[in-house]
Trainee: 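Okay, handing you the structure first.
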Amino acid sequence: MAQCVQSVQEFIQDSFVPMVAVLCSEDAERVTRKNNLSFPELLRPFCRLTSEGHLRDPNNQVVVVKGLRISVTGINTRPPQSPELHRLLSQAVSVCQPPEGSPANVITAGDYDLNISDRTVKASVPWYSDWKETLTQLSSSKYYTGIPFLPLLGVCERAFLSCMLVVSSREAVPTEQFLKLSQEQHRIQHSGEYTHPKWFIPNTLKYYVLLHDISEGDEQRADSVYEDMKQRYGTQGCYLLKINSRSGSTGADEQMPDPWSQYLHKTSIHNPELYEEYAVSNAVENNIGAEEDGLDPSIRDGVSETPPLQLDHPTDAGYPGNDASQSVNNVDETRPQKQASGTSHTSPTPRGTCLTLNDHDHIRQFIQEFTFRGFLPHIEKNIRQLNDQLVSRKGLSRSLFSATKKLFGGGKVPEKSIAELKNTAGLLYPSEAPELQIRKMADLCFLVQHYELAYNCYHTAKKDFLSDQAMLYAAGALEMAAVAAFLQSGAPRPYPAHYMDTAIQTYRDVCKNMLLAERCCLLSAEILKSQVKFSDAATLLIKMTSEDSDLRSALLLEQAAHCFINMRSPMVRKFAFHMILAGHRFSKAGQKRHALRCYSQALQVYKGKGWTLAEDHINFTIGRQSFTLRQPENAVAAFRHILINDSKQSAGQQAAFLREYLYVYKSMSQLSGDGSLPQLPLPCLHSSQTRVFFGHERRLAEGEKQAATHVSLEQEFDRDLSQLWRELEERVVSVANRGTVPITFQPSQCCLNSQTDNLRYPLAVVEEPIIVEVVFRNPLKVPLALSALSLLWKFTLKGFSDPQGGATGETVSNEKEVRLLITTALKDIIDTQVIPEFTISPEETKVARLKLLPHKTGELHVLGVVYNLGTGEVGNSEGSLAEDLVCVRGQQNLEIQGPRLNMTKEEKTSVGYGPDRRLDPIITPPMPLLEVFFINFPTGLLSGEIRKAWVEFVNVSAVPLTGLRVGSTHPEFFTFGSATSDLTPVTPTAAEHCSAYKTVAMPPSVATVSLVSPAVFGVTSSDQLVVTEIPLSRGVLGPGEALQIPLWLRGPDQEGVHEINFLFYYESTEKTAKLSHRVLRHTAFICTSRSLSVRATASRSNTLHGRERETEEQQEAEEKNGSMLVFVDVENINTSEASVREFHIVQVSSSSRQWRLHKCINPVGDEDSKLASRERGKLCFKATRCRTEEATSDAAEKYTFADLNLGNEQIVSSTTPCADFFFRRGLHSEARRGGMSAGGASQMQRKSLTPQSGTDDGGTSIVKKCSEVELDIIVLWKAYVVEDNKQLILEGQLHVALQTIGKESCSLSQKEETQEMVLLKFKPDVPPPVSKPSLEQLSHLIKTCLHYPESYDHPFPQKSLCTVPVTLTLSNCSLAQVDVIVDLRHKTTSPESLEVHGSFSWLGQTQYKLQLQGQEVYRLFLKACFFQAGVYNLGTPRVFAKLAQTSAMCETSQQSAMPALIIINSI
């Protein structure tokens, strides 16, 4: 806000200064012109008195005058014309602009932080101050032609009170020259020929000044002439002023202070002749006097209908480069003009070159002598005379103070309202009228700072004027009375603001004189602001705005806005709104720079606060004003803000904004020449969503060939899946590098986005394309047309053949080529794709994929995108002129912010971001490129179904590849066969109707047994199961070569859709430092349907030997090995009844290190088992332990496969693919859990524990081992399916792992129950207790069997006791020593048991204590004694056992055999 550096009191005092006229002779003017100054200009810096003056009022009271300033002005008799007044005011505002680069002052108002220049708020606004001063000077009678003797700020205070007559001492007769000047002044004042200037009273004080040039004149003659003058005019009426103590040439080298510079930029106001010459050359830009608002009416009517922006005047003289002088609105270039005199505008003219500091003191002393000895006594004299006249004419007392008391002692006369007064503004008093005399006295008192007496006089004159209804005079008296009351020291009365309001209303409504109303409003506003009444001041300023003067309204609105921002509670939005209004009025007044400044300050309030429409209007206006003022950068920035934000404008309005922006942008680009392409705001470029793809696009499927999916831009990024691929690749790399992962391992990333790890430089391969996908968004409601869209890049040539990294070459960029649309310049380095047309619909988000093909190795940096931007509207067919107007070329940078650093403490406490190098790939030397095709690859399988497919590997590069490996997350799903597998048939066509199994013709019989090592099928460690090496001819696949190998697939056990991931790994034969290997990904989806459900249970055999054994040795071997029964329950659970007719169980095989199936107990004949829908079949098999010769040390790691075919064909289960899938069973969960390193083949590496491992845990294991089986059942089946009226035969296999005797196992794995949420524990857990075998496990240590005759005949009449021999066979099922207790005593628990075995008893010992070695069989011979015939149960012996080495453990009762019934017959 305009808060003056000086106080309001000083401002008012300087506005009311006594006027002193000057008449100079030609010689005197010549003396002052040596200093490039006129005589009034020479005195102007020294017109303020530094000491106090004194005079006495009519009541003989001393009045102290402080800081009095007088105004010395040359006499000009030609009144100015009305247009000149407007030009003077406009010039005063336009030549004063805010300084560029001034320090910003941050004003915090509520939620707003406003950056406003220091000079705008904290100091006086210079253009407002200059306008006020100009308006004040125009108020004098010299310029105002309305009413005689009525100045703007009073009646007489701006008329001349005195006149200086200046004559040079070099005149021949100076006294005669004084006489001529005195007569000239008298003629001007009293002849009536001149209406200008005005004089205060007839007896004007004439002060005679003899001007002496020390450098040229005779000082003695000057002194003698001065003595004569003192005799003639008196010592108080004349003065000898000596100046020019040095010549201009001698003082050229010496720097002297220039006190005139701050005054003489306003010379044109005091000298209209000089102003005319100045104004013509400086008023061109603002078009002053031509059209008041200075704008094309089309601009104001509406933006949407305007054509593209045009300069108001292309040949405007205010712009650089034209013939006219520099623009007054150019601050930097007009600074010297403000300092210069009115006659020279190109360079500052030195002033006062002939004056020394002593001369400055002489001038200062001259002004003081004139004021104290001549001027103030003259005013004191006139005050007394006027007081005497008033007293004598009105018959009042001599003292005006007592008269005032009498006048105001009674009741006050009520003032009439303005509406009641008739329009008598034209009433004129004669100069001798008493009403004017008291007003003159009041003006004189006011000028000499006697404000109390002045207030009383103004108040008296006001009453007289109101009684006569002389409204113009009354308004002036009211105004000056209010000012005098405010200036009184000690504040005896409050400031009468209603006086000012009445005066302003009278000037404006009654007198129709806006110039006087303006001046009154300015004074009142300054006074109110000084009293911190900003709201009242703003209201007053806003009331004074009108349509008759845009400049005045603009300045007042700006001041009102500053009042709002300076309130105790700042009203920020009101400040911004009124700044907008002020900017609009400045624009209409032709003050474009001030308009731009107002809009820019208001934008700070509206910006980012949701006022989108207002913000768009402000930015649009700023853009237009900046462009008109030849500030294209600011214009482009303003239009840019309109376009990049989410605008709520209509489509037509947005189209107009876009056309304006393109036109301004095109003009700026033409001015800038061949510089770099500027940044375009449209369309919005989402840099963080940029994706980069390395490599060729994959070929599509050809017929039955299905190409590997790999990675494409159409795939969505999945973080979990990406981590899975990373772990899989790391595992394959570990296998390829003999179990270790290299330190320099970098996972392959073919597609980079915002979620991938972009901290490292990505690796690309020469001669392979790089596709950059950029995301554009059109925020507008109109379409955008992009053309010639391409990437901007920078490339540094670098060779990588040298192990140390190679030499770095030159750096090239395609910036110049894309700017000039030269597409073939750098094709030998990088081939850049150009998209000719790219249209984005309204509010659409669209991606563009731009391709680069590098031909050299090195470091590539993608910088941004370059394109032509158009409006997307169809142009006319008359030519390309319209297209050129709305199409510009520019660029947008791809600047991607990396991830937030949050690892160290410093990074966590600060905000830092890491690099994102997805756009900075390193181009490496050539590498092999593999493509994989799958032939006859199914999309749906039955659970356990075996299908044979083919895989084709093609090397499409010019570099041979080696080390081909395949890794998968589902290794149990597929197999490439063993090294010894028969690969016939060799082609997919020949294998179409053949079985995937190896079969031989053999009728059902005892199981066929074969030994197989897992190593034959590639099972040596867990990773070997996940990673498979593909054998290549000579270990290399050459350029262009292809390899086709069979692939067996097995449907997963669980139904549903399964995602199978394959990772193909390969290397180059030439090792490079940058890229060690490459990978190819493939994801297959298999839909699995249910087939069969197999459940199996193992039970111990009740008999340890049979009577059919031929020899004792064979019997002991059989007892040593043992046997058990395996029950297999097969159910058809297939639900697709329409396609699958029936399942055939063709064979049941087993695989184990210890057990094998021996024979089928319930054979169904020569035919295999058939199962229709929902049918179930039961099979029972006898299993025996492997023979001793089958379990030698050489075959410790071998598996025994036993095949029991139910038909006439035997499937060799120990060959591919049956054995492959057996060894790969159960790996899916291990691989998914990442636990493969712990031995995914743990089920294949189960070993029998030895007695030497006997600890507590070892004992537990020994006990568990008694009930463990470790027998795997393989059920092979065929299914007959009808598809397209054709019958197909499907085949498959299901696996059941028997682990514990008596525990049922199923081919379908049960779903794991979800673990319940466990509460967190903040104290260490109690160590788990030592594991102990359960009672059930301990009850299986000893297997018992009773041998006795089924019936026995005994003659009870002859012999009452019957004795029968019974053999109790005890078999140690464990590998450790076991203590056994056999108790023959009966233990009855119910009456029924007494009836069954209460009538017989055992003879001999009732208890035996034995110790059995591992797997020892012991026979205990007993005798049973019967007393009568009947059926008896001999199964009463109780057997207790414990491990011999565990003394703390008690004996556990062993499971008893089935009831042993014997029939005793009496004969």
Trainee: For residues 761-787, which residue pairs qualify under salt bridge (charged side-chain N to carboxylate O under 4.0 Å, His left out), counting only residues two or more places apart or in two chains?
Mentor: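 Found D646-R777, R691-E773, E768-R1078, E773-R849.
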
Trainee: Please check: side-chain N/O of T857 versus main-chain N/O of P925, any donor-acceptor pairing under 3.5 Å?
Mentor: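 Not a single qualifying donor-acceptor pair exists.
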
Trainee: For a quick check under 3.5 Å, do Y913 and R900 share a side-chain donor-acceptor pair by atom type?
Mentor: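 No donor-acceptor contact under 3.5 Å links the two side chains.
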
Trainee: Between F776 and V865, which heavy-atom pair has the shortest distance, and what is it?
Mentor: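 For F776 and V865, the tightest heavy-atom pair comes out as CZ-CG2, 4.1 Å.
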
Trainee: Would you call K609-E615 a salt bridge at under 4.0 Å N-O?
Mentor: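 Here K609 does not pair with E615 in a salt bridge, since their nearest N and O are not under 4.0 Å apart.
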
Trainee: Taking salt bridge (Lys or Arg N to Asp or Glu O under 4.0 Å) as the definition, give me every residue that meets it alongside D916, ordered by chain and number, with sequence neighbours left out.
Mentor: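 Checked D916 against salt bridge (Lys or Arg N to Asp or Glu O under 4.0 Å); matches are R918.
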
Trainee: Cation-pi check for F838 against K846: NZ or CZ below 6.0 Å from the six-membered ring centre and within 45 degrees of the axis, yes or no?
Mentor: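 Yes, K846 sits over the ring of F838.
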
Trainee: Determine, for Y761 and R917, whether the Lys NZ or Arg CZ falls below 6.0 Å from the six-membered ring centre while staying within 45 degrees of the axis.
Mentor: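 So R917 does make the cation-pi contact.
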
Trainee: Would you say W793 and T832 are linked by a side-chain donor-acceptor pair, where the criterion is simply a distance under 3.5 Å?
Mentor: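 There is such a pair between these side chains.
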
Trainee: Sort and list the pairs that fulfil salt bridge (charged side-chain N to carboxylate O under 4.0 Å, His left out) and have at least one residue in residues 745-764, not counting sequence neighbours.
Mentor: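 Sorted pair list comes back empty.
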
Trainee: Kindly write out the residues that satisfy ring pair (Phe, Tyr, Trp, His ring centres under 6.0 Å) with Y867, not counting sequence neighbours, or none if the list is empty.
Mentor: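 None.
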
Trainee: Do the ring planes of F657 and F620 sit parallel (below 30°), tilted (30 to 60°) or perpendicular (above 60°)?
Mentor: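 Answer is tilted, since the angle falls between 30° and 60°.
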
Trainee: Please enumerate all residues that pass ring pair (Phe, Tyr, Trp, His ring centres under 6.0 Å) together with F1062, with sequence neighbours excluded.
Mentor: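 For F1062 the ring pair (Phe, Tyr, Trp, His ring centres under 6.0 Å) partners, ignoring immediate neighbours, are F934, F974, H1082.
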
Trainee: Can you sort out the partners of E931 under salt bridge (Lys or Arg N to Asp or Glu O under 4.0 Å), two or more places apart, ordered by chain and number?
Mentor: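 Salt bridge (Lys or Arg N to Asp or Glu O under 4.0 Å) list for E931, sorted by chain: R699.
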
Trainee: Side-chain donor-acceptor pair under 3.5 Å between Y606 and Q604, yes or no?
Mentor: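 Looking only at side-chain atoms, Q604 and Y606 do not form any donor-acceptor pair under 3.5 Å.
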
Trainee: Spell out, as yes or no, whether a donor-acceptor pair under 3.5 Å connects the side chain of E1041 to the backbone of F953.
Mentor: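 Looks like no, no N/O pair under 3.5 Å.
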
Trainee: Treating T756 as the side-chain partner and L752 as the backbone partner, does any N or O pair qualify as donor plus acceptor under 3.5 Å?
Mentor: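 Not confirmed, T756 side chain does not pair with L752 backbone.
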
Trainee: Under 3.5 Å, is there a donor-acceptor pair linking the side chains of S748 and E729?
Mentor: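 A donor-acceptor contact under 3.5 Å links the two side chains.
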
